[in-house]
Chemist: 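One structure is given below, represented as structure tokens, and several questions about it will come after.
Keep in mind that what you see is a predicted model, and the values were worked out from it rather than measured. Protein chains get the first letters and strands the later ones, always in sequence-line order, with residue 1 at the start of each.
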2 protein chains.
Amino acid sequence: MKRPTIADIARLAGVSKGAVSYALNGQPGVSESTRRRVLAIAEEIGWNPNGAARALSGAPSHTVGMVLHRPARILGVEPFFMELISGVEAELSARSYALTLQVVADQPAEIAVYRRWWGERRVDGVLVCDLRVDDPRIPVLSELTLPTVVVGMLGESAELVSVWSDDAAAVVEAVEYLSALGHRHIARVGGLPELRHTAARTAAFEEVCRRLEVAPALTISTDYTGEDGARATRRLLSSPRRPTAILYDNDVMAVAGLAVAHEMGFSVPADVSLVAWDDSVLCQLVHPPLTALSRDIPAYGGHAARQLLDVITGLPASSVQDETAHLIPRGSTAAPPSATGRGA
Amino acid sequence: MKRPTIADIARLAGVSKGAVSYALNGQPGVSESTRRRVLAIAEEIGWNPNGAARALSGAPSHTVGMVLHRPARILGVEPFFMELISGVEAELSARSYALTLQVVADQPAEIAVYRRWWGERRVDGVLVCDLRVDDPRIPVLSELTLPTVVVGMLGESAELVSVWSDDAAAVVEAVEYLSALGHRHIARVGGLPELRHTAARTAAFEEVCRRLEVAPALTISTDYTGEDGARATRRLLSSPRRPTAILYDNDVMAVAGLAVAHEMGFSVPADVSLVAWDDSVLCQLVHPPLTALSRDIPAYGGHAARQLLDVITGLPASSVQDETAHLIPRGSTAAPPSATGRGA
DNA sequence: GCCGGGCACTGAACCGGATAAGTGGATAGA
DNA sequence: TCTATCCACTTATCCGGTTCAGTGCCCGGC
């Protein structure tokens, strides 16, 4: 089937291509009767604008891009990303924007994709995740002047718009809660240390442990996978100075950690308390259900998408702080074994 | 920053636009020395092909589309789709194809998106899910001659390529297993009845129940959500002829059903056995872990993507049958309460 | 020494829209 | 009545590539 073009419409309507273009775009320059005739013919022959031709004349692509730098197979089991994407999609689809996803193997490849998308005018803007401490993507995106919204925290000095949440405050809430239960030895199974939000969480964790005079904060770094979370948990629970509470940087690791605790014969929460970060259904399904730092991730993605659309359409947009994760106590946390009398 | 074009390269290299195009595309018509010079200049000034311009001359977009007709917020909690998408992405990204997702509210909107994508040459092909009994999308896609691969079963007579798995055989395996355990009253909590694979499962369920002379097959239709699965389970467990085993059409409903059983005071598997379809991590996390019909969903998506790329590139591609889901017995199934002596 | 053929390249048309500039006719104001 | 203005269009150009039909030049063969 041949695709109809405005030239076909022009021929059928007995006017020029230019007039058809004006009519279809609601521009002045054609009479109302001609406009109606053109629109009727376009509808009848099933005309669709050719995006390529429009893009060539500088029109937006109505597409937003997102590059994910991690193994594609992980995506299916990582609730955070999927919930984020679903929130982004919900916002985009409401405005008839599409989302283009591309999974890449490393950061140079990610930067290459941005350059390509920019060169090809394939996307109107991008959402950037997993900000690193000295992130090489930021200068590239600034240089390209590709509309960008960063999901996660960005330093003060940044010119890019970001949507972020106060992870430090959430860490403090969790540690204060554990401390109030009597825990004096709290460990953390953290995410990739080069990620900026991991660094912020680690700093906050260390500071609040110092302030509350609990044992020196111990953070074990992982790659966020369940396997790494299990390994870290095994190491913590078999160490001579075994912690009485563990704070995990995501839900997948917390669930894996719970399985490890059971496998090693520890009772949760009697022997060790566990707290997850991000509260997907996983946390509620396991036994005992996990105390978690919960936040509305789809909403987070939706806000990021909205900010990006504002940036793209030239509306004033500035970084916004999203909801801080809040603690939902469930069955995986209790007073530590030694604290029957709540003494130190 | 201004985007460099082949005209810039041509000027710098002192040749014509046409020669640059030949050089960049590996076409004959330029000398090796000129080709090298052109490539070096392109690299140096950071040239990227403008996809719009290429597409205007009929080049492929190196993008595959997928329209999801369901509420965007559901996506984050529906493991099936996310695993499918992750498998698709894994295959596509290996060949540098991108995936464009669009969530729509209804089927007319979905068809409109296909027409638009086709008209705009925005995607080279599409993956279609959730085939319905008389699916209005099929004739449209055939008419548009938009390369299409159907994920899920398609009738014999179809001209479209599909990747499918034998759901009927899986139903038979599950029912035979339950029957062997002694169950004589098996109910099913099925998905949307208008979906073709639901119909196939229902037919297979009825036939195998008849063959094994268990009680008439009862299927309750749902919309696949956990809420609907919970509602159906509540209805089944409070009916006078309470089933001793329930087969669910997805994992989300099975997990919800397990919660309902507990809430109503039934013990699983002592009072009622539960079997899930699709074996995400959810099934293994709950207590007791759920017996499930398991299949490799990312691989399923990957196969579909590969078939689509074959169709797009004009390679011979025909419908392929994917792995049949196989039963993984876990703690949620056992002999029914009355069957101590295994008698009827 | 002339001709045929191939190589390396140029120039221009083309893809399908957007849009600036130009045109002819009707109308209004002086 | 003559000009200025506006309207409703047409014409032409542009976007950035691809591709086809030349074109000039060199080389070999007879």
Side-chain angles (χ1 to χ4, degrees), chain A residues 1-39 41-43 45-62 115-124, chain B residues 1-39 41-42 45-63 115-124:
Chain A
M1 182 174 165
K2 165 134 176 22
R3 290 166 232 237
T5 72
I6 58 165
D8 299 320
I9 301 177
R11 194 162 27 72
L12 290 169
V15 293
S16 71
K17 268 174 63 179
V20 172
S21 178
Y22 290 135
L24 293 170
N25 292 299
Q27 304 269 26
V30 283
S31 66
E32 205 42 50
S33 66
T34 304
R35 187 186 306 278
R36 267 200 299 276
R37 193 154 40 91
V38 166
L39 288 174
I41 292 171
E43 169 76 15
I45 66 176
W47 174 84
N48 279 88
N50 181 321
R54 280 203 166 150
L56 200 50
S57 303
S61 64
H62 289 282
R115 288 195 181 279
R116 186 158 55 79
W117 279 353
W118 174 80
E120 298 181 354
R121 292 161 179 78
R122 187 182 268 282
V123 299
D124 296 337
Chain B
M1 184 173 163
K2 164 133 177 26
R3 290 166 233 236
T5 72
I6 58 165
D8 299 321
I9 301 177
R11 193 163 27 74
L12 290 169
V15 295
S16 69
K17 270 172 60 178
V20 172
S21 177
Y22 291 138
L24 292 170
N25 293 300
Q27 303 268 27
V30 283
S31 68
E32 205 43 49
S33 67
T34 304
R35 187 187 306 278
R36 268 200 298 276
R37 193 154 40 89
V38 165
L39 289 173
I41 292 171
I45 67 176
W47 174 84
N48 279 88
N50 182 321
R54 280 202 167 151
L56 201 51
S57 304
S61 64
H62 288 283
T63 302
R115 289 195 181 278
R116 186 158 54 81
W117 279 353
W118 173 80
E120 299 182 352
R121 293 161 178 77
R122 187 183 268 283
V123 299
D124 296 338

Chemist: Remember a base hit wins even if backbone is also touched, and classify A:V15 as base, sugar-phosphate or nothing at under 4.0 Å, heavy atoms.
Modeler: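 Sugar-phosphate contact only.
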
Chemist: Using OP1 and OP2 only, check whether a side-chain N or O of B:T34 sits under 4.0 Å from C:dA8.
Modeler: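 The answer is no; no side-chain N or O of B:T34 sits under 4.0 Å from OP1 or OP2.
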
Chemist: Say whether, by atom type as modelled, one donor and one acceptor occur between the side chain of A:N25 and the main chain of A:Q27 under 3.5 angstrom.
Modeler: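 Judged by distance alone, no pair lies under 3.5 Å.
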
Chemist: Reading DNA chain C from 5' onward, which residue's closest nucleotide shows up sooner: B:K17 or A:L56?
Modeler: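 By nearest-heavy-atom nucleotide position, the 5'-most residue is B:K17.
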
Chemist: Categorize B:T5 for me: base, sugar-phosphate, or nothing, with a 4.0 angstrom heavy-atom threshold over every strand shown.
Modeler: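 If one applies the 4.0 Å heavy-atom cut-off, B:T5 turns out to touch the sugar-phosphate alone, with no base involved.
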
Chemist: When you check the phosphate oxygens OP1 and OP2 of C:dG17, does a side-chain N or O of A:S21 lie under 4.0 Å from one of them?
Modeler: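 No.
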
Chemist: So A:S31, base contact, sugar-phosphate only, or nothing? Heavy-atom distance under 4.0 Å.
Modeler: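 The answer is sugar-phosphate, as A:S31 gets under 4.0 Å only of primed atoms, P, OP1 or OP2.
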
Chemist: At a heavy-atom distance below 4.0 Å, which nucleotide of DNA chain D is the first touched by chain B, and which is the last?
Modeler: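 First and last nucleotides in contact are D:dG16 to D:dC20.
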
Chemist: How long is the line joining OH of B:Y22 and P of C:dG11, in whole Å?
Modeler: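 Computing the B:Y22:OH to C:dG11:P distance gives 13 Å.
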
Chemist: Take the C1' atoms of the five end pairs on each side of the helix from C:dG1-D:dC30 to C:dA30-D:dT1, get both axes, and report the angle to 10 degrees.
Modeler: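 It works out to 60° between the end axes.
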
Chemist: For the pair A:R37 (side chain) and A:A13 (backbone), establish whether a donor and an acceptor sit closer than 3.5 Å, ignoring hydrogens and angles.
Modeler: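 Such a contact is found between A:R37 side chain and A:A13 backbone.
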
Chemist: Hey, which sits more toward the 5' end of DNA chain C by its nearest nucleotide, A:A53 or B:V30?
Modeler: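 The answer here is B:V30.
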
Chemist: Looking at C:dA18, I'd like to know if its phosphate oxygens (OP1 or OP2) sit under 4.0 Å from a side-chain N or O belonging to A:N25.
Modeler: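 Looking at the OP1 and OP2 atoms of C:dA18, one of them is under 4.0 Å from a side-chain N or O of A:N25.
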
Chemist: Taking only the side-chain nitrogens and oxygens of A:Q27, find out if one of them lies under 4.0 Å from OP1 or OP2 of C:dA18.
Modeler: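 No.
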
